[in-house]
Amino acid sequence: TWGLGTENANLPGFVVLISGGTDPSGGKSLWGSGFLPSVFQGVQCRSAGDPILFVSNPKGLDRNVRRRSLDALRKLNELELKRIGDPETRTRISQYELAFRMQMSVPQVMDVTKEPKHIQESYGTTPGKASFANNCLLARRLVEQGVRYVQLFDWGWDMHGTVAGGMNGRGPQVDRAVSAFVSDISQRGLDKNILLVISGEFGRTPRINKNAGRDHWGPLSTLALAGGGLNMGQVIGKSSRKAEVPAFYRRTFAAEARANPPVIDRSAPAAGRKVVLYATCFANYNAPEIGHAAQVVLARNGVETEVVYP
């Protein structure tokens, strides 16, 4: 949202939805703003109960009184900003105003019962219950309303034991919800404007352990992309069957990038878009080579890129 801004001033530009019964192990820093001002961090919403805790006015406080109290608070914050100059004070001002606008907009967009029955059935939603299926449908509703970035976390995939049973239970639920999301945005003509990224936190060992599970595998992981005007059906950087570190592919991509600098194909569906790649994302994995590799892949799909090394 730092580069793209927001299309809907009444909703956050970055929304986070959680399922699986608990927050990710990495905590709320996973949707933090990093070195950017905190105004760009994600806003966590809930798919069960009040979408955002304490967003509703308490009993005895109507919207007019809330408006007057926020006006008074804004004046105090502006005085502090002028005196101290802390950018976080500006963030506080904007977040209070956004929260006031969200009191009207969020309850409407977060209500999946407004969707037709056949749509709810395709996702496998259960209105009023926190679930990955509900969050997928909410994600579609949010992006339709101008939210730039929606991040879904589904906890419970750390299967060091009995992976077959775990996957048999969770796999079909995720397949159903994700496939419904892809079909839904395609039917609505949104698939060229929405980029879907599916990824885990790291890879898994190619072999089953003694507990019939799979352990952590740091050298590589897999992610899938759909929509966004990208050319589908491509496999980039395929590993060996032993899930070996794909250093060969990193070297190949980097060499290709040096020999053939990315050329933007303006006829491609995603032409005209620009992606800024921050090299800090590739820490400990040879940032320059990975950055060039990403440029090559995106250029093949007509996306202009710029690699920044903070």
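Values in this document were obtained by computation on a predicted structure and should not be read as measured data.
The shortest heavy-atom contact between Y123 and F181 is OH-CA, 3.4 Å. Listed here is the closest heavy atom pair of L30 and P24: CD1-CB, 3.4 Å. The two residues A133 and G124 have their closest heavy-atom pair at CB-O, 3.5 Å. Of all non-hydrogen atoms in I208 and A212, the two that sit nearest each other are CG2-CA, 3.4 Å. Nearest heavy-atom pair, Q41 versus F14, reported as atom, atom and distance to 0.1 Å: C-CD2, 3.8 Å. Residues G227 and L195 share a closest heavy-atom pair of O-CD1, 4.0 Å.
A 4.5 Å side-chain heavy-atom check between K114 and Q108 finds at least one atom pair inside the cut-off. Using a 4.5 Å cut-off on side-chain heavy atoms (C-beta onward), L223 and I198 make no contact. Taking the side chain as every heavy atom from C-beta outward, E80 and R92 approach each other to under 4.5 Å. Contact check for P206 versus W217: side-chain heavy atoms found under the 4.5 Å cut-off. T162 places none of its side-chain heavy atoms less than 4.5 Å from the side chain of M159. Contact of the T91 side chain with the Y96 side chain is not registered, since no non-hydrogen atoms from C-beta on lie closer than 4.5 Å.
Looking at S33, its side chain does come within 3.5 Å of a backbone N or O of L36 through a donor-acceptor pair. The closest donor-acceptor contact from the side chain of D191 to the backbone of G229 lies at 3.5 Å or more, if one exists at all. Under the 3.5 Å distance criterion, the side-chain polar atoms of D23 are left unmatched by any main-chain donor or acceptor of G27. When atom types are taken as modelled, the side chain of R148 and the backbone of V15 share no donor-acceptor pair closer than 3.5 angstrom. Formation of a donor-acceptor pair under 3.5 Å by the S131 side chain with backbone atoms of N134 is found in this model.
Residues L76 and L70 do not share a hydrophobic cluster, clusters being chains of Ile/Leu/Val/Met/Phe/Trp/Tyr side chains in contact below 4.5 Å. Under a hydrophobic clustering in which Ile, Leu, Val, Met, Phe, Trp and Tyr are joined whenever their side-chain heavy atoms come within less than 4.5 Å, directly or via other members, L190 and L152 fall into the same cluster. Tracing side-chain contacts under 4.5 Å through hydrophobic residues (I, L, V, M, F, W, Y), one never reaches F40 starting from I93; they form parts of separate clusters. I194 and I119 end up in the same hydrophobic cluster when Ile, Leu, Val, Met, Phe, Trp and Tyr side chains are linked at under 4.5 Å. Criterion: ILVMFWY side-chain heavy atoms under 4.5 Å apart, direct or through other members. Under it, W155 and F132 are not part of a common hydrophobic cluster.
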- For D111 and R141, run salt bridge (Lys or Arg N to Asp or Glu O under 4.0 Å): C-alpha distance rounded to whole Å, both residues' side-chain angles, the deciding distance at 0.1 Å, then the answer. CA-CA 9 Å; D111 187 358; R141 291 175 61 85; over 6 Å; no
- Task: List the steps and the verdict of salt bridge (Lys or Arg N to Asp or Glu O under 4.0 Å) for K82 and E78.
- Result: CA-CA 6 Å; K82 184 177 181 180; E78 286 175 342; over 6 Å; no
- Task: Applying side chain to side chain contact (heavy atoms under 4.5 Å, CB included), run through L138 and M110 and close with a yes or a no.
- Result: CA-CA 6 Å; L138 287 172; M110 298 292 287; 3.9 Å; yes
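Rounding to the nearest 0.5 Å gives a distance of 11.5 Å between SG of C136 and CZ of R176. Taken from CG in L17 to CG in N135, the straight-line distance is 4.5 Å, to the nearest 0.5 Å. One distance of note links CG of D154 with CD1 of I18; it measures 9.5 Å at 0.5 Å rounding. In this structure, S19 OG and K129 NZ are separated by 10.5 Å, a value rounded to the nearest 0.5 Å.
Ion pairing between R140 and E115 holds under the 4.0 Å rule for side-chain N and carboxylate O. Ion pairing between a basic and an acidic side chain is recognised when a charged N comes within 4.0 Å of a carboxylate O; D71 and R67 show such pairing. Residues D158 and R214 are not paired through a salt bridge, judged by the lack of any N-O separation under 4.0 Å between the basic side chain and the carboxylate. Classification of D62 and R66 as a salt-bridged pair fails, no side-chain N sitting under 4.0 Å from a carboxylate O.
Other residues, nucleotides and ligands place no more than 12 heavy atoms under 6.0 Å from the CZ atom of R90.
Side-chain atoms of D215 and T205 form no donor-acceptor pair, as typed in the model, at a separation below 3.5 Å.
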